[in-house]
Amino acid sequence: MYSFALFLYRQLVRLVSYVKPKAQLWNEGQNSVWEGLEKALSHNTRPVVWFHTASLGEYEQGKPVMEAYRAQYPDHFILVTFFSPSGYEVRKNAKDIDFVSYLPLDGAQTSERFLHLVKPKVAIFVKYELWYFYLRGLRKRSIPTILISAIFRPNQVFFAWYGRFFRSLLTCFTQIFVQDASSKALLDGIGLEQVQVGGDTRFDRVVQHLRHPKPWSVLDQFIDNRAFMVLGSVWQADMDVLIPLINSKEFPFQWVIVPHEIHADEMKRWESAIQLPVQYSKDAAVSGAQVLIVNEVGYLAQIYRGASFAYIGGAFGAGLHNTLEASVYGPTVFFGNKNYTKFKEARDLVEFGLAYPIEDTVSLKNKMHEIYDAEDVFVNKQVQARTFVALQAGATQKIMNYLNEKPWN
């Protein structure tokens, strides 16, 4: 059934690739994946550490461990694989990574071919993406396999009465680093012993951004030392709430809008609905522009620096995007009140009064006024947010301590 589901998935992607650009990219990547891997690895003699990340978010989550591993073992070959085009296309030329590739779609033959070619010394999976044939192949070869920054909830399939197959995937890991004690308790309850609370490496990643800021001249010129608010990873459902806020002109802000995905038609609709002068980051500056729409990728993590407030998109839809990228710089964070509770960091930020789930434009506007109009509250929340993130860092060192103690290195 699993193999048949993979077959159907591949056929479906081929069909929709004619109308969906992401599907087309994935399909093209799968067609050329072996050529790239063989060219990069056929004559490699260095020990290979293989990091698998589903998409860009998991890559950013795993990046602190990749960097720490590179510093500790500079003579090793670091291979990073992606499943999603949205991760691969952005990071395919990443520095300090020896090779970035799509992961060939799981299967009995493809996993054997991949593992025979790569010969990983250690395999590190970030958060999710548990592929049966790959994990079984790693276990058969006795290759240490680590899952990092994982988080589990009671309603996941691993803990259902019908979840035996999925629970078997977890037994393939040599060690599982979970984000919190509740995740460990869930795994303890199904008999897994190779589990350690390690924390979330995303805190380490955003602290790195804080310590090593990367100025972006487009943003600097647009802001020009004025107050601004960032609307990050936003979808249409978010903009339905945010555009009336912008048009109200109640806050003396410059507005920076970063779509979750770059779609020209959607951005043009937003521009038409906004009653302030708009410019795009790829275009020439517009005199007097008060709204910047970022129509290129790779800048979001650094855009939050200096923001008065941040709104994070996704919670009105499939799920909230990364709140920590904003919180590390101090702005109070807002997001939709629908799908955020499965994200521990978001729940913690709400509990400490550093983030607020909002229902509509009115509730967002009222909460922003409550904070912005009281200068002491506004400043204190910025300090508290930065402190909250800094105190959560350290997961990377726990993982590296484990790796350094093992004989495979």
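Since the model is a prediction, treat every value here as computed from it, not as a measurement. Side chains are part of it too, since the values below use all heavy atoms of this structure and drop only hydrogens, waters and symmetry mates. One is the number of the first residue; the rest follow in order along the sequence.
- Looking at R141 and L115, their side chains come closer than 4.5 Å, going by heavy atoms from C-beta outward.
- Classification of E67 and R70 as a salt-bridged pair fails, no side-chain N sitting under 4.0 Å from a carboxylate O.
- For K249, the NZ atom sits in a loose shell: 12 or fewer heavy atoms of surrounding residues, nucleotides or ligands are nearer than 6.0 Å.
- Under 4.0 Å is where a charged nitrogen must lie from a carboxylate oxygen, and between D98 and R46 at least one such pair does.
- Aromatic ring centroids of Y372 and F378 lie under 6.0 Å apart.
- Between S101 and V33, the closest side-chain pair of non-hydrogen atoms falls below 4.5 Å.
- No donor-acceptor pair closer than 3.5 Å links the side chain of D200 to the backbone N or O of F203.
- Within 6.0 Å of the CZ atom in R305, the count of heavy atoms belonging to other residues, nucleotides or ligands does not exceed 12.
- With ring centers used as reference points, F125 lies under 6.0 Å from W50.
- With values rounded to the nearest 0.5 angstrom, I146 atom CD1 is found 9.5 Å from I176 atom CD1.
- Within the 4.5 Å cutoff, the side chain of L300 has heavy atoms near those of the S233 side chain.
- Ring-plane geometry between F352 and F388 is classed as tilted, the angle between the planes lying from 30 to 60 degrees on a 0 to 90 degree scale.
- The pair E58-K63 does not meet the salt-bridge criterion, since no charged nitrogen lies less than 4.0 angstrom from a carboxylate oxygen.
- One N or O on the side chain of S327 and one on the backbone of T323 form a donor-acceptor pair closer than 3.5 Å.
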| query | After noting the C-alpha distance and the side-chain angles of I190 and F152, does the key distance pass the side chain to side chain contact (heavy atoms under 4.5 Å, CB included) rule? | reply | CA-CA 12 Å; I190 58 173; F152 295 92; over 6 Å; no
| request: Before giving the answer on side chain to side chain contact (heavy atoms under 4.5 Å, CB included), spell out for V48 and H76 the whole-Å C-alpha distance, their side-chain angles and the decisive distance to 0.1 Å. | output: CA-CA 6 Å; V48 176; H76 287 199; over 6 Å; no
| message | If you apply the rule side chain to side chain contact (heavy atoms under 4.5 Å, CB included), what do you find for F7 with L105, and how did you get there? | response | CA-CA 9 Å; F7 170 78; L105 185 63; over 6 Å; no
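- Between F334 and F309, the distance from one ring center to the other falls under 6.0 angstrom.
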| message | Walk me through whether Q61 and R205 qualify under side chain to side chain contact (heavy atoms under 4.5 Å, CB included). | response | CA-CA 7 Å; Q61 198 161 21; R205 183 61 172 156; over 6 Å; no
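- With respect to E60 and R202, no salt bridge is recorded, no charged nitrogen being found less than 4.0 Å from a carboxylate O.
- Residues V65 and I148 are in side-chain contact: their nearest non-hydrogen atoms beyond the backbone lie under 4.5 Å apart.
- Minimum interatomic distance between A385 and L354 (heavy atoms only, all atoms of both residues): CA-CD1, 3.8 Å.
- For K365, the NZ atom counts as densely surrounded, since its 6.0 Å shell holds more than 12 non-hydrogen atoms of other residues, nucleotides or ligands.
- Contact of the F133 side chain with the S3 side chain is registered, since non-hydrogen atoms from C-beta on lie closer than 4.5 Å.
- Between F82 and the choices Y59, F99, Y102, the ring-ring contact (aromatic ring centres under 6.0 Å, His included) rule is met once, by Y59.
- Between F165 and Y132, the ring planes lie tilted relative to each other; the angle falls in the 30° to 60° range.
- With contacts defined as side-chain heavy-atom distances shorter than 4.5 Å, the pair P154/L186 qualifies.
- Residue Q11 places its CD atom among more than 12 non-hydrogen atoms of other residues, nucleotides or ligands, all under 6.0 Å distant.
- The OG1 atom of T53 lies 12.0 Å from the CD1 atom of I124; values are rounded to the nearest 0.5 Å.
- Ring orientation note: the planes of Y340 and F335 are tilted relative to one another, at an angle of 30° to 60°.
- Between atom CE of residue M267 and atom CD1 of residue I262 there is a gap of 5.0 Å, rounded to the nearest 0.5 Å.
- Using a 4.5 Å cut-off on side-chain heavy atoms (C-beta onward), W270 and V234 make contact.
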| Step-by-step salt bridge (Lys or Arg N to Asp or Glu O under 4.0 Å) determination, E359 to K338 | CA-CA 8 Å; E359 180 181 1; K338 303 299 183 185; over 6 Å; no
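- Remark: K184 engages D188 in a salt bridge, criterion side-chain N to carboxylate O under 4.0 Å.
- Here W131 and F83 bring their ring centres to under 6.0 angstrom of each other.
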| Passes side-chain hydrogen bond (donor to acceptor under 3.5 Å, both in side chains), E325 versus H209? Steps please. | CA-CA 8 Å; E325 287 181 332; H209 290 156; 5.3 Å; no
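- Between W216 and F222, a ring centre-to-centre spacing not shorter than 6.0 Å is recorded.
- For the pair V258 and I303, the minimum side-chain heavy-atom distance is below 4.5 Å.
- Taking a 6.0 Å sphere around CG of N225, one finds it holds 12 or fewer heavy atoms contributed by other residues, nucleotides or ligands.
- A salt bridge is absent between R269 and D265; no separation between the charged side-chain nitrogens and carboxylate oxygens falls under 4.0 Å.
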